[in-house]
Amino acid sequence: MNIIVILFPLALGLGLAGLGAFFWCMRSGQYADLDGAAWRVLQDDDAQAGPRGGVSGSDGNALG
């Protein structure tokens with residue numbers, strides 16, 4: 001029975017901490033752009049990179 005005295009406040013504290021973290025994420029804008037990350041994954045950035053994966057100049061040759 002003594003374990004309930006420890007586990008019940010611990011469970012309430014963890015639940016309130018999780019709820020507080022959720023509300024902090026909502027207020028700080030963590031869920032503002034849900035589609036942006038999904039579209040960035042699908043963008044093809046390899047077409048802009050040179051043969052070694054570096055940034056290419058205006059004539060297509062790799063710089064550096």
Side-chain angles (χ1 to χ4, degrees):
M1 197 66 177
N2 290 336
I3 194 71
I4 292 177
V5 174
I6 296 170
L7 288 180
F8 188 71
L10 184 66
L12 281 176
L14 286 174
L16 288 174
L19 188 64
F22 173 73
F23 283 127
W24 175 79
C25 288
M26 291 295 292
R27 192 170 10 126
S28 67
Q30 295 289 323
Y31 297 114
D33 184 22
L34 295 177
D35 293 331
W39 284 107
R40 280 192 298 272
V41 169
L42 297 175
Q43 287 178 346
D44 189 20
D45 292 336
D46 293 338
Q48 297 174 359
R52 294 186 197 168
V55 178
S56 60
S58 61
D59 58 355
N61 294 330
L63 297 175

State plainly whether one hydrophobic cluster holds both Leu14 and Leu19, where clusters connect Ile, Leu, Val, Met, Phe, Trp and Tyr through side-chain heavy atoms under 4.5 angstrom apart.
no

Would a hydrophobic clustering, with Ile, Leu, Val, Met, Phe, Trp and Tyr connected at side-chain separations under 4.5 Å, put Leu16 with Val5?
no

Spell out, yes or no, whether Ile3 and Leu10 are grouped together once hydrophobic residues are joined by side-chain heavy atoms under 4.5 Å, including indirect joins.
yes

Hydrophobic cluster membership, Leu34 vs Phe22, 4.5 Å side-chain cutoff:
yes

Please determine whether residues Ile6 and Met1 belong to a single hydrophobic cluster, defined as Ile, Leu, Val, Met, Phe, Trp and Tyr linked transitively by side-chain heavy-atom distances below 4.5 Å.
no

